[in-house]
Chemist: 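Just dropping this structure here.
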There are 2 protein chains.
Amino acid sequence: MNAQQSDDLERNDRLACAMAAGRRIVIANVSPSVDGGRYPAKRCIGDLLTVEADIFAEGHEQIAADLMVRSPGETNWARLPMKPLGNDRWSAGIPLLQTGRSEYRLDAWLDQFGGHLRDLAKKREAGQAREVDAQEAAQMIAQRMKGAKGAIREALSAILDAYKRHTLEDRLTLLLAAETRQAMQAADNKSFSARSEALTVDVERRRAGFASWYELFPRSCGQRGRHGTFRDVITALPRIRSMGFDVLYMTPIHPIGVTNRKGRNNALKAEPDDIGSPYAIGGKEGGHDALHPELGSMEDFVALVEAARAEGMELALDFATQMSPDHPWLAEHPHWFRRRPDGSIKYAENPPKKYEDIVNPDFYADPELWRALRDVFLFWIGHGVHIFRVDNPHTKPFPFWEWLIADIRGRHPEVIFLAEAFTRPKLMYRLAQIGFNQSYTYFTWRNSKRELTEYLTELAAEPVRDFFRPHFFVNTPDINPFFLQSGGRPAFLIRAALAATLSGLWGLYSGFEICEAASLPGREEYRDSEKYELRQRDYSAAGNIVAEITQLNALRAAEPALQSHMGLTFYNAFNDNVLYYGKTDPNNPKLQERLLIAVSLDPHGVQECDFEVPLWEWGLSDHASVAVEDLLRGYKFIWSGKVQHLALSPQKPYAIWRIRPHGSGP
Amino acid sequence: MNAQQSDDLERNDRLACAMAAGRRIVIANVSPSVDGGRYPAKRCIGDLLTVEADIFAEGHEQIAADLMVRSPGETNWARLPMKPLGNDRWSAGIPLLQTGRSEYRLDAWLDQFGGHLRDLAKKREAGQAREVDAQEAAQMIAQRMKGAKGAIREALSAILDAYKRHTLEDRLTLLLAAETRQAMQAADNKSFSARSEALTVDVERRRAGFASWYELFPRSCGQRGRHGTFRDVITALPRIRSMGFDVLYMTPIHPIGVTNRKGRNNALKAEPDDIGSPYAIGGKEGGHDALHPELGSMEDFVALVEAARAEGMELALDFATQMSPDHPWLAEHPHWFRRRPDGSIKYAENPPKKYEDIVNPDFYADPELWRALRDVFLFWIGHGVHIFRVDNPHTKPFPFWEWLIADIRGRHPEVIFLAEAFTRPKLMYRLAQIGFNQSYTYFTWRNSKRELTEYLTELAAEPVRDFFRPHFFVNTPDINPFFLQSGGRPAFLIRAALAATLSGLWGLYSGFEICEAASLPGREEYRDSEKYELRQRDYSAAGNIVAEITQLNALRAAEPALQSHMGLTFYNAFNDNVLYYGKTDPNNPKLQERLLIAVSLDPHGVQECDFEVPLWEWGLSDHASVAVEDLLRGYKFIWSGKVQHLALSPQKPYAIWRIRPHGSGP
């Protein structure tokens with residue numbers, strides 16, 4: 001065989017291949033799809049998974065498509081017909097009823113009989129249908145009948161019998177009948193069928209996507225200057241639960257190192273009675289699987305886990321990989337730590353910043369380190385903890401987290417990992433892709449209407465919304481936002497309302513409810529930070545916003561539209577100090593009602609403006625009416641017309657309404 | 001081994017795997033990338049290929065990355081260092097100097113020594129650098145020296161020798177010197193190196209991306225009512241070339257069927273002397289590889305090909321797959337055509353529209369049909385034609401085109417295929433992805449400032465710009481735009497200026513230069529359409545715009561910024577009837593100068609407005625000055641300040657300026 005013959009043969013192969021398997025039907029831009037399908041999308045149990053894709057073939061060919069879904073552990077695929085949305089986009093939605101990793105893919109094929117019927121109907125309408133057009137359809141029915149069995153074969157046979165007895169006009173009616181289409185669909189051999197690659201969705205328990213967190217230092221829960229204990233935290237539970245919080249997140253509870261211990265207000269040298277930062281983990285009493293003795297015993301801890309559960313709450317623990325120089329692992333596993341030429345172990349640093357009270361291990365020194373860290377999680381899971389807030393995960397290798405989370409969730413699928421990464425956006429998104437179930441965000445630093453609109457639009461749109469579950473903390477022990485420092489009580493109300501209505505996950509660090517904001521001068525840090533000393537507070541102090549927080553959490557519990565970052569739309573309010581948006585339940589897209597929320601961003605003065613009621617979303621005219629319920633005050637009334645007016649004061653800086661078209665039922 | 005042991009083993013494997021090959025360094029969102037890398041990006045010879053990607057690892061680790069490029073036929077990869085753009089985005093650009101399909105990919109690795117130097121420099125600045133910090137660097141040098149050879153080893157050895165003789169301050173200077181960094185880079189074993197998948201770019205000849213087309217019906221090139229011939233077209237060449245067109249595109253030149261021939265103005269019945277539509281291809285004289293006898297012989301055709309080449313022009317032929325009922329293939333290959341139950345072959349239709357003078361073959365009847373159509377291209381390539389305008393490709397299967405274009409361009413890489421698909425956007429984009437080198441667009445129907453801005457923004461942005469080369473036709477035999485029908489001569493000037501300055505590819509159909517616009521009432525079709533009869537014109541008729549077209553084409557030839565749809569930015573002109581934009585040469589991103597173009601969209605009256613000179617793009621203040629050259633009139637002057645004023649009249653509805661910062665050299 002010469003080169004020319006070989007070339008020709010290869011060309012023939014390519015032709016045969018293109019005819020047999022070429023992508024006559026294109027399936028593209030499937031949504032949701034995370035990083036090209038490398039990682040799963042995230043949803044919660046009971047969510048509606050809406051899958052969309054571009055599906056088309058050449059010219060006017062008629063297409064049909066199914067969404068195929070395989071639940072965890074199943075071998076069979078469930079099948080659901082997709083519907084065209086226009087512009088070659090197709091969609092189908094299926095409720096997710098089982099936790100674990102489900103697969104989905106799309107099947108599409110040429111609906112040749114459907115296309116023929118479509119043309120036949122148009123010709124009939126134009127008075128152009130002829131006998132031969134009907135005969136062609138009958139021919140297709142006869143052909144499909146050959147491959148059909150049982151009831152379908154009988155149905156097709158009956159259609160053909162009727163066909164023979166009819167005149168042309170009746171034949172057309174018979175061919176265009178729904179029964180004919182259905183029987184032919186059942187007998188369709190799906191020519192030119194195309195199949196998308198399988199994608200995955202991680203279906204988690206409800207609290208992975210909808211929860212309200214309360215953060216505290218357990219050591220501050222004591223009375224009158226006494227170091228707090230787990231028993232004191234049990235005493236605090238009813239107060240926290242009555243505000244509507246369902247996750248209690250505690251800063252680290254392990255022994256605290258003494259070497260290079262930090263003093264009050266992050267002083268380089270601690271005084272003898274300073275208690276140190278709980279993030280300097282490990283001392284002579286033990287490491288990551290030990291308890292700080294002053295907090296109590298393991299029995300006390302388990303009692304707290306159980307007391308929280310009895311209150312309908314759940315504990316979240318803080319996990320930080322770093323160690324104090326006194327952590328037992330430094331002596332037990334010296335090769336996990338890189339020694340410097342002078343024999344020392346480098347403390348943590350980000351020059352010129354220095355963190356002298358902690359050291360980091362070398363992640364590529366030994367797989368045993370990865371296992372040991374994994375075993376810390378298993379240890380606490382064994383003691384009833386299923387939620388972990390991970391400190392600074394972005395400074396540890398991605399493969400470590402990807403492996404660790406897969407390992408843990410392979411054993412305990414209910415476990416939730418929250419990434420506390422405040423770093424460059426791409427790193428934060430990557431951590432979410434490789435497995436973190438929830439993520440800290442930039443919300444804390446987004447204050448203006450433009451900032452909030454841009455950031456929330458990014459979070460609520462593809463591709464981010466599908467893998468990154470934003471957890472909106474209004475403050476943290478590390479972040480005392482300038483907006484709160486300068487805005488007083490109204491600022492706290494504003495930020496709470498934004499966080500509680502914009503995301504399914506929000507949280508606060510204790511002190512927020514009494515509007516605590518004293519700071520180090522010019523910095524976003526708390527004065528007398530609880531990281532380095534006890535902070536005992538009077539939570540019923542005058543000016544507290546406990547009632548407002550309680551109401552917000554109650555609304556969140558009652559309104560599915562407030563239980564997710566999805567389903568968000570910004571609308572026009574003609575005032576740069578008023579953020580105005582709608583929330584709908586993403587799992588109930590056909591529901592007529594929606595929530596409208598207006599929040600003043602000005603803690604200092606009254607803000608008034610006109611705003612637009614989105615009548616166009618129901619196809620209503622600008623003069624139509626909607627039934628309104630003020631969810632904060634309970635009033636019901638009617639808005640007539642697209643443009644309405646509002647006024648928000650520093651005392652009541654937000655409004656939440658439920659609306660639906662007037663006269664559209666309860 | 002029990003199940004537990006087996007699980008544990010599997011988990012250990014996963015851990016080993018994550019440590020060894022886990023993606024510690026992420027390379028993502030590589031640009032250009034067409035449909036996830038399934039199809040090549042498109043560029044022309046001499047273009048700069050700028051590749052960008054997100055590249056990052058955890059925390060503050062320092063990364064280095066190279067762009068790797070392999071030219072067609074090469075086995076080795078060229079290597080070019082990438083530079084960080086900020087926000088974890090990296091970039092490198094390389095000129096494409098060889099036609100064919102080049103591959104590119106990215107390599108990234110942990111630059112451990114670079115990261116150490118970065119920290120060392122910061123510590124030195126803060127007065128924190130200690131002996132141990134320098135020693136660590138020296139230790140790294142000693143270690144890399146072990147693996148190095150030759151000159152690099154000697155360089156590292158010399159650095160270490162000098163290191164030993166120095167004091168701390170001098171050691172730091174030595175370590176931070178460029179020579180030290182370079183020697184260490186050369187000796188870097190590139191730990192944790194990551195590699196992106198290889199992507200491809202199709203590098204084509206210049207005319208694939210930059211050309212000005214002139215479309216004509218050769219049969220109309222005769223004199224005084226005589227049917228035109230190829231010899232008549234030769235006579236017309238100097239007129240067309242002198243306007244600056246370099247591609248002459250002729251409607252089909254094949255025998256025309258007589259069965260169901262259409263009459264004048266698309267009449268269902270032809271009169272005996274009607275000449276028929278050249279798109280009803282094939283008659284007793286032959287099919288797709290034959291010539292319409294009245295146009296001339298194959299010798300005449302080849303003479304035209306050569307005459308065009310001698311004028312610096314190139315012929316483009318029209319390729320339409322459909323056939324008249326008289327095409328020889330119907331008798332020679334009856335099984336290529338699907339017979340209806342009454343024995344007839346269905347004519348083309350899109351109910352209720354009917355095209356009685358043509359039939360379409362069944363593309364899945366026989367691979368021989370695909371070969372026969374391919375051979376038609378090979379036949380005309382054999383006669384010197386290397387550009388084909390393909391009629392209605394969107395009504396034929398995608399796999400057919402993908403196979404055919406790959407087959408032809410595998411043999412003849414210089415061949416250019418233009419897709420004449422006016423259909424749904426996703427089909428048009430798909431045709432470009434699977435191989436069409438150029439594409440018709442919606443430009444013809446985009447008239448308002450908003451429409452043009454939105455559409456051009458889509459075409460000039462990723463991902464579209466990389467695979468879809470827009471060919472802007474101002475009119476076609478099928479499209480007599482309403483804007484031209486109602487706007488008179490100024491409308492023709494406006495559309496010519498937009499097409500010629502917004503895309504590297506533009507074209508007109510003859511008659512445009514004399515502002516021909518007589519239409520069928522209320523329709524976008526020409527009255528007495530040339531598709532069904534001869535149209536002989538006086539191209540020097542009063543009111544012609546030959547001089548303006550000639551000037552626009554001359555500017556396109558002189559200005560690289562006008563030779564592509566890329567490098568486009570819209571700026572503010574405070575008038576909804578004035579479109580105002582900048583063009584830069586995408587292959588010369590460092591060039592200071594840019595073109596500014598303002599086009600009035602109003603053919604009926606004078607439009608005036610303020611507009612903004614983009615001083616900010618050079619980092620200049622709002623009061624800075626730019627040197628301006630009016631490219632239409634040749635004047636040179638200075639603009640001082642960001643806001644300038646313009647007035648555009650129907651007689652002179654556009655302005656084109658070249659600007660650069662005042663005093664920045666010639």
Side-chain angles (χ1 to χ4, degrees), chain A residues 11-12 14-19 21-24 26 28 35-36 54 56-60 87-88 118-120 122-123 125-126 128 131-132 135-136 138-139 340-342 344 349-352 354 364 367 370-371 393-400 402-403 406-407 410 423-427 430, chain B residues 11-12 14-19 21-24 26 28 35-36 54 56-60 87-88 118-120 122-123 125-126 128 131-132 135-136 138-139 340-342 344 349-352 354 364 367 370-371 392 394-400 402-403 406-407 410 423-427 430:
Chain A
R11 288 206 172 96
N12 284 340
R14 277 202 216 109
L15 170 54
C17 187
M19 288 196 74
R23 297 205 288 170
R24 184 169 183 187
V26 177
D35 195 18
D54 299 340
F56 54 92
E58 80 274 9
H60 306 288
N87 194 22
D88 296 308
R118 176 201 57 195
D119 289 353
L120 196 59
K122 283 186 194 160
K123 286 183 188 175
E125 182 124 339
Q128 295 175 0
E131 190 62 56
V132 65
Q135 276 172 26
E136 258 174 353
Q139 211 174 46
R340 312 193 75 187
D342 64 357
S344 69
E349 61 172 20
N350 180 13
K354 300 189 264 189
Y364 284 91
W370 292 30
R371 284 200 194 89
H394 59 285
T395 56
K396 287 86 200 173
F398 299 120
F400 168 69
E402 189 167 2
W403 165 81
D407 185 289
T423 179
R424 290 119 65 200
K426 286 167 190 169
L427 272 72
R430 190 66 179 185
Chain B
R11 287 205 173 94
N12 285 341
R14 277 202 215 108
L15 170 54
C17 186
M19 288 197 76
R23 297 204 289 169
R24 183 169 183 189
V26 178
D35 195 18
D54 298 340
F56 54 92
E58 81 274 8
H60 307 286
N87 194 23
D88 295 309
R118 177 200 56 195
D119 289 353
L120 196 60
K122 283 186 194 158
K123 286 183 186 175
E125 183 124 339
Q128 295 175 0
E131 189 64 54
V132 65
Q135 276 171 25
E136 257 173 356
Q139 209 173 47
R340 312 193 74 185
D342 65 358
S344 68
E349 61 172 20
N350 181 12
K354 301 189 261 189
Y364 284 90
W370 293 30
R371 286 201 193 88
N392 276 331
H394 59 285
T395 56
K396 288 86 202 174
F398 300 119
F400 168 69
E402 188 166 4
W403 166 81
D407 185 287
T423 179
R424 290 118 67 199
K426 285 166 189 170
L427 272 73
R430 190 66 179 185

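A, B, ... follow the sequence lines: proteins, then strands. Residue 1 opens every chain.
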Chemist: Shorter than 4.5 Å, heavy atoms on both sides: which option in A/Arg23, A/Gln128, A/Glu58 has the most such pairs with chain B?
Modeler: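 Most pairs with chain B among the choices: A/Glu58.
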Chemist: Heavy-atom distance under 4.5 Å to chain A: side chain of B/Gln135, backbone, both or neither?
Modeler: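 Its backbone and side chain both get close to chain A.
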Chemist: For chain B, which of A/Met19, A/Lys123, A/His60, A/Glu131 has the most heavy-atom pairs under 4.5 Å?
Modeler: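 Among A/Met19, A/Lys123, A/His60, A/Glu131, the one with the most close pairs to chain B is A/Met19.
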Chemist: With a 4.5 angstrom heavy-atom cut-off, could you sort out which part of A/Lys426 is near chain B: side chain, backbone, both or neither?
Modeler: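 Contact with chain B is through both the backbone and side chain of A/Lys426.
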Chemist: Could you look at A/Asn350 and say if it's the side chain, the backbone, both or neither that has a heavy atom under 4.5 Å from chain B?
Modeler: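 For A/Asn350, the contact with chain B is made by the side chain alone.
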Chemist: Check the orientation of A/Trp403 and A/Trp370. Use parallel for under 30°, tilted for 30 to 60°, and perpendicular for over 60°.
Modeler: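 The rings of A/Trp403 and A/Trp370 sit tilted, inter-plane angle from 30° to 60°.
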Chemist: Select, from A/Pro393, A/Gly410, A/Pro399, the one with the greatest count of heavy-atom pairs under 4.5 Å involving chain B.
Modeler: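 Winner by heavy-atom pair count: A/Pro399.
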Chemist: Could you look at A/Ala57 and say if it's the side chain, the backbone, both or neither that has a heavy atom under 4.5 Å from chain B?
Modeler: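 Contact with chain B is through the backbone of A/Ala57 alone.
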Chemist: If I take atom CZ from residue B/Arg424 and atom NE2 from residue B/His394, how far apart are they, to the nearest 0.5 angstrom?
Modeler: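 Between atom CZ of B/Arg424 and atom NE2 of B/His394 there are 8.5 Å.
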Chemist: With a 4.5 angstrom heavy-atom cut-off, could you sort out which part of B/Asp35 is near chain A: side chain, backbone, both or neither?
Modeler: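 Looking at B/Asp35, just its side chain touches chain A.
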Chemist: Check whether more than 12 heavy atoms from other residues, nucleotides or ligands sit under 6.0 Å from atom CD of B/Glu125, and answer yes or no.
Modeler: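 Result for CD/B/Glu125: open.
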Chemist: So which part of A/Glu349 gets closer than 4.5 Å to some heavy atom of chain B, the side chain, the backbone, both or neither?
Modeler: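 The side chain, not the backbone.
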Chemist: Hey, which of A/Asn87, A/Leu120, A/Thr423 has the most heavy atom pairs under 4.5 Å with chain B?
Modeler: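 Answer, by heavy-atom pair count under 4.5 Å with chain B: A/Asn87.
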Chemist: Do any N or O atoms from the side chain of A/Gln139 and from the backbone of B/Pro341 form a donor-acceptor pair under 3.5 angstrom?
Modeler: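 Side chain of A/Gln139 to backbone of B/Pro341, a donor-acceptor pair under 3.5 Å: no, none is there.
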Chemist: Examine whether an atom of A/Val26 lies under 4.5 Å from a heavy atom of chain B, and if so say whether it belongs to the side chain, the backbone or both; otherwise answer neither.
Modeler: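 Contact with chain B involves the side chain of A/Val26 alone.
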Chemist: If you tally heavy-atom pairs under 4.5 Å against chain B, which of A/Lys354, A/Glu402, A/Arg118 wins?
Modeler: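 Max contact count across the listed options: A/Lys354.
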Chemist: Answer with side chain, backbone, both or neither: which region of A/Arg430 has an atom nearer than 4.5 Å to a non-hydrogen atom of chain B?
Modeler: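 Interface part for A/Arg430: side chain.
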